[in-house]
Amino acid sequence: MSLVLLAITSMGALSAFFAIMLSVAHNKFKVEEDPRVERILAELPGANCGACGFASCRALAEAIVKEGAPTNACVAGGNKVAEKISQIMGVESEAVERKVAFVRCGAGKSQKETKATYRGVETCRAANLVMGADSACSYGCLGFGDCERECPFNAIKMVDGLPQVDFSRCTGCGRCVNVCPRNIIVLEKFDDVNYRVKCLSLDKGKKAREICQKSCIACGRCVKFCPYEACWLENNLAHIDPINCQSCGICYSVCPTGAIVEVKG
Amino acid sequence: MRTKTFKQGIHPSEEKELSRDKKIESIPLPSKVIVPLSQHTGAPCKPLIDKKDAVERGQKIGDVDAFISCPVHSPLKGKVISIEKHPHPTLGEAEAIIIEVEEDEKGENRWSEKEVDLSSLSPEEIRKRVREAGIAGMGGAAFPTHVKLSPPSGKNIDSVILNGCECEPYLTADYRLMMERAEDCLFGLKAIMRATGAQKGYIGIEDNKKDAIKIMKSLTSGENEIEVVPLKTKYPQGGEKMLIKAILGREVPSGGLPLDVGVVVNNVGTAIAICEALKKGKPLIERVITVTGKGVEKPSNLLVPIGTPLRDILNYCGLKDNAKAIIMGGPMMGISQYSLDCPVIKGTSGILVLTEDEVSEDEEQPCIRCARCVDHCPMGLFPTTLAKLVKAERWEELGEYNIMDCIECGCCTYVCPSKIPIVQLIKWGKNEFRKITS
């Protein structure tokens, strides 16, 4: 019996001692944290995508509270998140410019030629170091899907060896842009209807046509037919000036290869 | 005979008997030559001529005002058809000058051989002539030779090593050069010693080339400052760092150059090119390559103008029906080619044609941690760990495992029982590591 009592009293005394120590330590070493950090963190998407320029969502939340980083810095969260953060911080909300990833190559595996058989590491970045793997085009998509694996929001799906971006999911964080070794993904601001050249090939028309069905062959029809002088050719590639373009769609309808596409924002 | 060597490495099947006894021969003139403006490590050249211009054999047609670079010359007389992007053996595609070849009456007589007294030439003069001749390392990496011959102030070069190892299986071009042009080789070595101020010269030759060792030994018997060193036949014995370790016992520090241990290493082919540049004033416009492999009808050692398309060379040597892969360089470090329009460049040491049953199509399997790659890596790295870090895209940690010391010799991939493309993963890792550290 005395043994049981001894155990209870000694354990009781020990726990009382540690409880006192802990509460003293808690008060003495307390870190004052602005409660707004936690509240902002709860509003942020939590993907740690890095598009804001900070290492993580927490780093951004701290930067907003302590260093006065802009409340609309979270690109992935968009306007909604920006508004909520502005409320928490008690400042006027500024609109986030919504950009999405646009892939500047329109040829899937079945629409372009291969120049060799590639056996090796199946990632775009490794393949690009060995003369661009099997792709005959030295500008276009390699098709191993590094961007798909990199996307934190599941917005990219590889279809026939070409990334398809789901604009409703894409937040414009730019991770795919950084990971693409051929730099064919760009972040763009889209209106309701847009026309874009979905090709980056600088090959001459003859060669471009031989190796790819979807390539811009620099025929100049878009330049000729554009009523607003928004199209021009440079280095065997058509360009459309988004400022002059009135989205009439004539270039899209006259393009013989389908290199000019209609993009619905 | 006791032979020197380095630690680790591999013993691939040599396969040199296919072409080792074939004398160096010339090929019929190609109808056009393709001269890439970037054949060397460093800044690419700018063309000095225009479309439709007539060019003479040996005329300088591209140059650039950068230290790490060297000019390119027209390998044959002809007319420039165009300057455009063209398949390139190491870069995939690059700007090249395409020349339509014309009959040349003067031919080789354009250059007459003069006896040259090396002691009358200043090191500066030798470097200048080497640069003007457009000489780049002919072992494969094509590093501009005049840069190697210009030790920065404060670095004292005491030894020059001439690399006659030719440790890549199949290749025999350097062996033939040592057999047929040993004297030029020796002159080149002396010129390099004069340019760098080195007192001692070594010629490292693997002991599977006994005849070459004999010839070189008899030629250098009276010379105290030059020594022929027989080396164990082992891959990669011809790697710069391995060669220095084997011959001089010195270790190049991590991230350093042979210069840091007072050594300059040059290929035997480069030495002969230097000899021609000094004695005849002839630029580097042709080179000896080995065309070999079981997919070739007539394996040979050929003297070809730089810029000759693969197609012409393989037409001359004959391609068998079961040929599957064409590799420029040796089987260990060579690069597979996708187009027969690819030209021979300054760093091309051979063309290897493999047949269907020689090309492995095994699937990659998981790593079983057998550490064979670790046992064979001549640089003492952990290829398996590096490959895993690369697969996990943990770029920052690659530095802790000294990824930049990898010489990409391919021993790890050769011995890997799981057929993991380790070298390719490491190449990718190096590229990403460079991006985050720069």
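Values below: all heavy atoms of this structure, side chains included; hydrogens, waters and symmetry mates excluded. Below, chains carry the letters A, B, ... as their sequence lines are ordered, and counting in each starts from 1.
Residue A/E229 places its CD atom among 12 or fewer non-hydrogen atoms of other residues, nucleotides or ligands, all under 6.0 Å distant. Around atom CG of B/D357, more than 12 heavy atoms belonging to other residues, nucleotides or ligands sit under 6.0 Å away. Counting heavy-atom neighbours within 6.0 Å of B/K85 NZ, excluding the residue itself, gives a total above 12. A 6.0 Å sphere centred on OH of B/Y401 holds no more than 12 heavy atoms belonging to other residues, nucleotides or ligands. The environment of NZ in B/K46 is sparse: at most 12 heavy-atom neighbours from other residues, nucleotides or ligands sit within 6.0 Å. Surrounding NZ of B/K320 are more than 12 heavy atoms belonging to other residues, nucleotides or ligands, all under 6.0 Å away.
If you measure heavy-atom distances from B/S339 to chain A, you find no contacts under 4.5 Å at all. Neither the backbone nor the side chain of A/T117 has a heavy atom closer than 4.5 Å to any heavy atom of chain B. Heavy-atom distances place no part of B/I420 under 4.5 Å from chain A, backbone and side chain included. Within the 4.5 angstrom heavy-atom criterion, no atom of B/K391 approaches chain A. For a residue to count as touching a neighbouring chain, one of its non-hydrogen atoms must lie under 4.5 Å from one of that chain's; by this rule A/A136 does not touch chain B.
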List the atom pairs, with distances to 0.1 Å, where a side-chain N or O of residues 167-175 of chain A and a protein N or O form a donor-acceptor pair under 3.5 Å, not counting sequence neighbours.
unit_1: A/S168; atom_1: OG; unit_2: A/D166; atom_2: OD1; d: 2.6
unit_1: A/R169; atom_1: NH1; unit_2: A/N154; atom_2: O; d: 3.2
unit_1: A/R175; atom_1: NE; unit_2: A/E150; atom_2: OE2; d: 3.2
unit_1: A/R175; atom_1: NH1; unit_2: A/N48; atom_2: O; d: 3.4
unit_1: A/R175; atom_1: NH1; unit_2: A/C49; atom_2: O; d: 3.4

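In terms of heavy-atom pairs under 4.5 Å with chain A, the best-connected choice from B/K427, B/E93, B/Q337 is B/E93.
A heavy-atom distance below 4.5 Å is not found between the side chains of B/Q424 and A/L129.
Atom CG of residue B/N431 and atom CG of residue A/N128 lie 8.5 Å apart, to the nearest 0.5 angstrom. Distance check, rounded to the nearest 0.5 Å: SG of B/C342 to CE of A/M131 gives 6.0 Å.
The pair A/R125-B/E393 meets the salt-bridge criterion, with a side-chain N (NZ, NE, NH1 or NH2) lying under 4.0 Å from an Asp/Glu carboxylate O.
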